[in-house]
There are 2 protein chains.
Amino acid sequence: MADLTQLKTEFTDLSDFLVALGDEKRQAIIIALLAENACHGLRVTDLTAVTKLSRPAVSHHLKILKQAHLIKSRSEGTRNYYYLSHDIKEIRALKQLLDHVTAIIETSGRETK
Amino acid sequence: MADLTQLKTEFTDLSDFLVALGDEKRQAIIIALLAENACHGLRVTDLTAVTKLSRPAVSHHLKILKQAHLIKSRSEGTRNYYYLSHDIKEIRALKQLLDHVTAIIETSGRETK
DNA sequence: TTGTTTGGTCTAAATTTTTAAACGATTGCT
DNA sequence: AGCAATCGTTTAAAAATTTAGACCAAACAA
């Protein structure tokens, strides 16, 4: 029997990350940031064009993505450049969680309680 | 430059799955189903105890989990047993998507446009 | 048949999330 | 200083999600 307590914390720790990835508008932002060669990043105004959203709405989604540790920002004068975090540890954590789940699923049924 | 069109479809195809995994109550349901040795599965009434939710609420979450292909159900008379799908292809798809993203992130910056 | 158990659905209420208008703060330009 | 541009925040409205009460249908037992 696998460690369900740890699995529980793995799940809750990744909640924000999963929710952040689930939204279509945020997916569009992520893809736009991936399209940029991550050199300079994109500004809020650029992303309003991509998402067809108002600037405050984009700002809101950027905050969610930031809290999920997906993106970072850099200021140059009045302009803020957003770019994908170079090393997203949540990605590794999520892959690990998925492996744990599949492991439990596959072994279940073999060991008769 | 990676195929962003494919990445886009990968993301949208996994939206339901990601949203389903993001909710705490649904995570509790998943863990409860993992705890069961997947032999007989759990019924709605069992899950109301686990989640401290009303039956209609649990029923609602189960529907979402079902649409995300995470769980299946089996009927025996009046009782319905829910269990985790034995083979969740979304898990493989998600791991693949995560690999694609990391690949793009890591190669970006090297190739100067 | 009658009553009980199980559980889905319908409906509406409560909550959360998403959105944008208005405002303010900062930077840079003239 | 005065003006324009950029963008975060606050606020409130709109939209979506979550929740539970009430109702209904099917299966089973007495």
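We use all heavy atoms of the structure for the numbers below, so side chains are in, but hydrogens, waters and symmetry mates are not. Sequence lines set the chain letters: A, B, ... in the order given, protein chains first and strands last, and positions in each chain run from 1.
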If I take atom [atom1] in residue [X] and atom [atom2] in nucleotide [N], what distance separates them, rounded to the nearest angstrom?
| X | N | atom1 | atom2 | answer |
| --- | --- | --- | --- | --- |
| B:Leu53 | C:dA14 | CG | C1' | 13 Å |
| A:Glu24 | C:dT19 | CD | P | 11 Å |
| B:Gln27 | D:dT18 | CD | C1' | 16 Å |
| B:Asp23 | D:dA16 | CG | P | 18 Å |
| A:His60 | C:dA21 | NE2 | P | 17 Å |
| B:Lys63 | D:dA20 | NZ | P | 16 Å |
| A:Leu18 | C:dT17 | CG | P | 15 Å |
| B:Leu65 | C:dG8 | CG | C1' | 16 Å |

Checklist entry - Is A:Ile64 touching bases, backbone alone, or none of the nucleic acid, heavy atoms closer than 4.0 Å? => result sugar-phosphate

Next on the checklist: Classify B:Tyr82 by what it touches in the nucleic acid, base, sugar-phosphate, or nothing, heavy-atom distance under 4.0 Å.
Outcome noted: sugar-phosphate

Using only side-chain N and O atoms of [X], determine if any of them is under 4.0 Å from OP1 or OP2 of [N].
| X | N | answer |
| --- | --- | --- |
| B:His61 | D:dT19 | yes |
| A:Lys25 | C:dT17 | no |
| A:Arg55 | C:dA21 | no |
| B:Asn80 | C:dG8 | yes |
| B:Ser59 | C:dG8 | yes |
| A:Arg79 | C:dT26 | no |

Checklist entry - Which residue, A:Glu76 or A:Pro56, contacts DNA chain C at a nucleotide closer to its 5' end, judged by nearest heavy atom? => result A:Pro56

Nucleotide of [options] approaching [X] most closely (side-chain heavy atoms):
| X | options | value |
| --- | --- | --- |
| B:Thr78 | D:dT9, D:dA27, C:dG7 | D:dA27 |
| B:Arg26 | D:dA20, D:dT18, C:dT19 | D:dT18 |
| A:Thr45 | C:dG8, D:dC7, C:dA20 | D:dC7 |

Next on the checklist: Would the distance check show the side chain of B:Asp13 and the main-chain N or O of B:Glu10 forming a donor-acceptor pair, the cut-off being under 3.5 Å?
Outcome noted: no

Checklist entry - Just checking, is any N or O donor in the side chain of A:Gln27 or B:Ser15 under 3.5 Å from an acceptor N or O on the other one? => result yes

Checklist entry - Thinking salt bridges, do B:Arg74 and B:Glu76 make one under a 4.0 Å N-O criterion? => result yes

Item to check | Pair B:Asp87 + B:Arg92, salt bridge at N-O below 4.0 Å | outcome: yes

Checklist entry - Checking salt bridge (Lys or Arg N to Asp or Glu O under 4.0 Å) for the pair A:Asp3/A:Lys8: CA distance, chi angles, key distance, verdict? => result CA-CA 9 Å; A:Asp3 189 348; A:Lys8 175 73 186 168; over 6 Å; no

